[in-house]
Amino acid sequence: HNVVDFSVAFVAVVGLGTAGGAPGLPFVVAAGALFGAVLGSILSWIGAMIGAAAGYWIARTIGHHVVVSWLKRYKRASSAAELARDFHGLLRLRLIAILPLGIVNFVGGLARTPFTSYMAATGVGIIPSILIYSYFADSLLERVGNGRSDALLSLVIASALLLALSLAPKWLARANQ
């Protein structure tokens, strides 16, 4: 009973946070640590999808002018808006994580990406990073908690994969030149 209540509350917090432009990474790491890799990934994905839908509509409607002025602080937001006009462009934004999850939510709304394409690209595109971050948070805590000596190895592997994921946009940009 308490796990269900806590899970629902967690999903709501993730949804509200990412709808307001917060990065999704801290939520995903917390989910992996609190719920384990599988349940943490599922809850993170559900919360991120709720936040994505809300952020999209905020940018398209009531918060349009606020979002536009706020995104001017992000140099990559205007080029991302050009990319986010269709499913494939938005999927690339989600997969290579050029901008934080919450920012891409707004960019999709401002770019007027069709809502179904936006949600489909979001649903597919956020899966890899959610799985990686959630798995490694869970794995690291499990190994540290059990006193296993390979916790440091897990940390090194997790750090290397996360670094590679964060550098992927630069590598792809160089490959496209």
Side-chain angles (χ1 to χ4, degrees), residues 4 7-32 35 37-135 137 162 164-166 168-173 175-176:
V4 172
S7 298
V8 170
F10 185 83
V11 166
V13 168
V14 173
L16 289 171
T18 57
L25 176 61
F27 296 116
V28 175
V29 170
F35 299 103
V38 175
L39 183 57
S41 294
I42 293 167
L43 296 175
S44 294
W45 186 85
I46 293 168
M49 292 300 289
I50 292 168
Y56 175 93
W57 289 111
I58 287 169
R60 293 265 320 242
T61 58
I62 59 172
H64 180 80
H65 297 295
V66 173
V67 170
V68 168
S69 65
W70 188 59
L71 286 181
K72 288 181 183 175
R73 297 184 300 177
Y74 294 90
K75 294 177 184 175
R76 295 182 179 170
S78 60
S79 61
E82 291 298 319
L83 194 58
R85 295 194 187 277
D86 63 12
F87 174 85
H88 296 290
L90 191 62
L91 181 62
R92 284 183 50 207
L93 281 176
R94 294 295 192 190
L95 286 171
I96 60 176
I98 293 171
L99 293 167
L101 176 77
I103 302 302
V104 178
N105 294 344
F106 294 144
V107 167
L110 292 175
R112 299 207 173 271
T113 309
F115 186 68
T116 54
S117 296
Y118 167 82
M119 291 301 289
T122 297
V124 172
I126 63 176
I127 290 172
S129 60
I130 285 176
L131 291 174
I132 290 170
Y133 290 119
S134 187
Y135 169 76
L162 298 177
L165 188 62
S166 69
K170 289 184 183 191
W171 293 338
L172 288 173
N176 290 332

Could you tabulate the donor-acceptor pairs under 3.5 Å formed by side-chain atoms of residues 119-127, not counting sequence neighbours?
residue: Thr122; atom: OG1; partner: Arg94; partner atom: NE; Å: 3.2
residue: Thr122; atom: OG1; partner: Arg94; partner atom: NH2; Å: 3.1
residue: Thr122; atom: OG1; partner: Tyr118; partner atom: O; Å: 2.8

Item to check | Ser134 side-chain N/O to Ala37 backbone N/O, donor-acceptor pair under 3.5 Å | outcome: yes
How many angstroms lie between atom [atom1] of [X] and atom [atom2] of [Y], to the nearest 0.5 angstrom?
{"X": "Leu131", "Y": "Ile42", "atom1": "CG", "atom2": "CD1", "answer": "9.5 Å"}
{"X": "Phe87", "Y": "Arg92", "atom1": "CZ", "atom2": "CZ", "answer": "13.0 Å"}
{"X": "Leu95", "Y": "His88", "atom1": "CG", "atom2": "NE2", "answer": "12.0 Å"}

Considering non-hydrogen atoms only, spot the tightest contact between [X] and [Y] and give its length.
{"X": "Thr18", "Y": "Leu101", "result": "CG2-CD2, 3.4 Å"}
{"X": "Ala19", "Y": "Ala54", "result": "CB-CB, 3.6 Å"}
{"X": "Phe10", "Y": "Ala30", "result": "CE1-CB, 4.3 Å"}
{"X": "Gly15", "Y": "Ile50", "result": "CA-CG2, 4.2 Å"}
{"X": "Ile46", "Y": "Val11", "result": "CG2-CG1, 3.7 Å"}

Checklist entry - When the ring planes of Phe115 and Trp57 are compared, do they come out parallel, tilted or perpendicular, using 30° and 60° as the limits? => result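 Rings of Phe115 and Trp57: tilted, as their planes differ by 30° to 60°.
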Checklist entry - Can you check whether Leu90 reaches Ser117 side chain to side chain, under 4.5 Å on heavy atoms? => result no
Checklist entry - Where do Val14 and Leu43 land on the side chain to side chain contact (heavy atoms under 4.5 Å, CB included) test, with the steps shown first? => result CA-CA 9 Å; Val14 173; Leu43 296 175; over 6 Å; no
